Enquirer: 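Below: one structure in structure tokens.
First the proteins, then the strands, lettered A, B, ... as listed; each starts at 1. This is a predicted model, so every value here is computed, not measured.
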Number of protein chains: 2
Amino acid sequence: MSEKQCSMTIGVLAKASSMGVETIRYYQRRGLVAEPEKPYGSIRHYDEQALARLHFIRTAQWLGFSLDEIGELLKLEDGAHCDEARALGEQKLTSVRQKILSLQRIERALEELVQECCAQQGNVNCPLLASLHDGLEEKLGEGNARKRPAVNLS
Amino acid sequence: MSEKQCSMTIGVLAKASSMGVETIRYYQRRGLVAEPEKPYGSIRHYDEQALARLHFIRTAQWLGFSLDEIGELLKLEDGAHCDEARALGEQKLTSVRQKILSLQRIERALEELVQECCAQQGNVNCPLLASLHDGLEEKLGEGNARKRPAVNLS
DNA sequence: GTTACTCCCGTAGTCAGCTACGGAATCAAG
DNA sequence: CTTGATTCCGTAGCTGACTACGGGAGTAAC
């Protein structure tokens, strides 16, 4: 179970990790995954460790770490730098919490706008569009109106 | 107060809206802001309405609307399409709420990881890094492990 | 009337994280 | 030994929202 065929081509590795071949090659170029030496012929072979690393990358990515930050984490990989890893985790936690707060403010504003639209059906004046024109200061309390998107909603 | 100098150059408009000149020109190219005819000479002049539109764009952007979506909203601008505007608002509200849920799951996972790191200071084995290796299935309940970043934390 | 700033316009570059393309080499099956 | 899939490698394209550059023209101040 922990020792499959310790020799996958990149295509097999891609399937095993459900990533694209090109993605893995991209990670190699970024230095996140080592390129194994070409053993015989000229085709590289990958082992369980490579698969584990892809797993690591994907999990960290899910937690919101960028590829650069994942690079940092991988430098601490031996487990001896718990403090640094924790610091990175705490930073990320802070940014996640800020993002949640921003989104909750946005949620409340949108909620109100949509409700107002529901309340006065049939009227010609749309309160949602009106609020976009007039700004949302009343709805948000001053100081909350940011210049740029508070959050990337993809 | 509502009628300043009804004739700003793009530079003045940029300052008034605290956007860059290039940004405004970009919005013109995208069709979000009208290019006024060149009146005398060959320099365009903008009025309060242009400023209001930039305000609209920024507020909508803060709410998480993309420039494309803002284009949609602007097509409804006369206020007669309250239903469509509300529908767009509801869609956005749904995606905001999903994003909040994702972030809260991430928050919980990070919280636990950081706490474990704090709990066993001085140990060689870092539980945060270990979890990234092993995956977070235990911490998240199966089915939550997404392939790609759940959220853009910029 | 000269200097210095701003505007106009098109094009191209930036960031992140991929994704695609094209041509040569290699490998496995028949 | 040929066919067809896969790999290798470099380079280029994609998305979204800007941001920068370069050269020419207009405009304002002294």
Enquirer: Tell me the interatomic distance from A/I10, atom CD1, to D/dA5, atom C1', rounded to whole angstroms.
Expert: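 Interatomic distance, CD1 of A/I10 to C1' of D/dA5: 15 Å.
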
Enquirer: Think A/T9 has a side-chain N or O under 4.0 angstrom from the OP1 or OP2 of D/dT6?
Expert: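 Negative; the distance criterion is not met.
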
Enquirer: Could I get the full list of salt bridge (Lys or Arg N to Asp or Glu O under 4.0 Å) partners for A/R30, not counting sequence neighbours?
Expert: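 Salt bridge (Lys or Arg N to Asp or Glu O under 4.0 Å) list for A/R30, sorted by chain: A/D68.
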
Enquirer: Do B/D47 and B/M8 come close enough that some side-chain heavy atom pair is under 4.5 Å?
Expert: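 In short, these two side chains do not touch, never coming nearer than 4.5 Å.
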
Enquirer: Less than 4.5 Å apart, side chain to side chain, heavy atoms only: is that true for A/T59 and A/H55?
Expert: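 Heavy-atom side-chain distance check passes, below 4.5 Å.
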
Enquirer: To the nearest 0.5 Å, what is the distance between CD1 on A/I70 and CG on A/L88?
Expert: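 Going from the CD1 atom of A/I70 to the CG atom of A/L88 covers 11.0 Å.
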
Enquirer: Without decimals, in angstroms, what is the distance between A/E69 CD and C/dA16 P?
Expert: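 Nearest whole value for this atom pair: 11 Å.
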
Enquirer: Once salt bridge (Lys or Arg N to Asp or Glu O under 4.0 Å) is applied, do any residues pair with B/K75, and if so which ones, sequence neighbours excluded?
Expert: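 If we apply the salt bridge (Lys or Arg N to Asp or Glu O under 4.0 Å) test to B/K75, skipping adjacent residues, the hits are B/E72.
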
Enquirer: If you check every side-chain atom of A/Y26, which of C/dC7, D/dC18, C/dT19 has the closest atom?
Expert: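 Out of C/dC7, D/dC18, C/dT19, the nucleotide with an atom closest to A/Y26's side chain is C/dT19.
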
Enquirer: Roughly how many Å is it from CD1 in B/I24 to P in D/dA20, rounded to a whole number?
Expert: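 My rounded result for the distance is 15 Å.
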
Enquirer: Expressed in angstrom and rounded to an integer, what is the separation of B/Y27 atom OH from D/dA17 atom C1'?
Expert: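 Roughly 7 Å, once rounded to whole Å.
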
Enquirer: Using side-chain contact (heavy atoms from CB on, under 4.5 Å) as the criterion, list what pairs up with A/E90, not counting sequence neighbours.
Expert: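 A/R86, B/V114, B/C118.
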
Enquirer: Return the polar atom pairs (N/O with N/O) between nucleotides 9-12 of chain D and the protein under 3.5 Å, or none.
Expert:
{"unit_1": "D/dC9", "atom_1": "OP1", "unit_2": "A/K38", "atom_2": "NZ", "d": "2.9"}
{"unit_1": "D/dC9", "atom_1": "OP1", "unit_2": "A/R44", "atom_2": "NH2", "d": "2.9"}
{"unit_1": "D/dC9", "atom_1": "OP2", "unit_2": "A/R44", "atom_2": "NE", "d": "3.4"}
{"unit_1": "D/dC9", "atom_1": "OP2", "unit_2": "A/R44", "atom_2": "NH2", "d": "2.2"}

Enquirer: D/dT19, D/dA17, C/dC18: which one has an atom nearest the side-chain heavy atoms of B/L67?
Expert: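 My answer, after comparing the listed nucleotides, is D/dA17.
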
Enquirer: Of A/R30 and B/V21, whose closest DNA chain C nucleotide lies nearer the 5' terminus?
Expert: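 Mapping each residue to its closest nucleotide by heavy atoms, the 5'-most match is B/V21.
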
Enquirer: Any side-chain heavy-atom pair from B/L110 and A/F65 closer than 4.5 angstrom?
Expert: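 Of all side-chain heavy-atom pairs linking A/F65 with B/L110, at least one is under 4.5 Å.
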
Enquirer: Whole Å only: how far is the CD1 atom of B/I57 from the C1' atom of D/dG16?
Expert: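 Value for this atom pair: 15 Å.
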
Enquirer: Establish, with yes or no, whether the OP1 or OP2 oxygen of C/dC18 is under 4.0 angstrom from a side-chain nitrogen or oxygen of A/Q28.
Expert: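 Answer no for this pair, as no side-chain N or O of A/Q28 is under 4.0 Å from OP1 or OP2.
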
Enquirer: Phosphate oxygens OP1/OP2 of C/dT19: is one of them under 4.0 Å from a side-chain N or O of A/T23?
Expert: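 Yes.
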
Enquirer: Report the distance from atom CG of A/L129 to atom CG of A/L113, rounding to the nearest 0.5 Å.
Expert: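 Rounded to the nearest 0.5 Å, the CG-CG separation comes to 9.5 Å.
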
Enquirer: Report all interatomic pairs (protein N or O, nucleotide N or O of nucleotides 28-30 of chain D) with separations under 3.5 Å.
Expert:
none

Enquirer: Return the value, rounded to whole Å, for the distance between atom OH of A/Y46 and atom P of D/dT7.
Expert: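 A/Y46 atom OH is separated from D/dT7 atom P by 9 Å.
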
Enquirer: Which one, C/dC27, C/dC18, D/dA17, comes nearest to the side chain of A/I43?
Expert: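 Between C/dC27, C/dC18, D/dA17, the one nearest the side chain of A/I43 would be C/dC27.
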
Enquirer: I need the CD-C1' distance between B/E37 and C/dC8, as an integer number of Å.
Expert: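 Whole-Å distance recorded here is 15 Å.
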
Enquirer: Could you measure the distance from the CG atom of A/L13 to the CD atom of A/E48? Nearest 0.5 Å is fine.
Expert: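 Going from the CG atom of A/L13 to the CD atom of A/E48 covers 10.0 Å.
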
Enquirer: Between A/E111 and B/R97, does any NZ, NE, NH1 or NH2 come within less than 4.0 Å of an OD or OE carboxylate oxygen?
Expert: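 Yes, B/R97 and A/E111 are salt-bridged.
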
Enquirer: Check the distance between D/dA17's P and B/W62's CH2 and give it to me in whole angstrom.
Expert: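 Distance, rounded to whole Å: 17 Å.
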
Enquirer: Are there more than 12 heavy atoms of other residues, nucleotides or ligands under 6.0 Å from atom CD of B/E35?
Expert: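 Yes.
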
Enquirer: Should the heavy atoms of other residues, nucleotides or ligands under 6.0 Å from CD of A/Q104 be counted, would the total exceed 12?
Expert: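 It does: A/Q104 CD has more than 12 such atoms within range.
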
Enquirer: For the helix from C/dG1-D/dC30 to C/dG30-D/dC1, measure the angle between the helix axis at one end and the axis at the other, each built from five pairs, rounding to 10°.
Expert: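 Helix axis angle between the two ends: 10°.
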
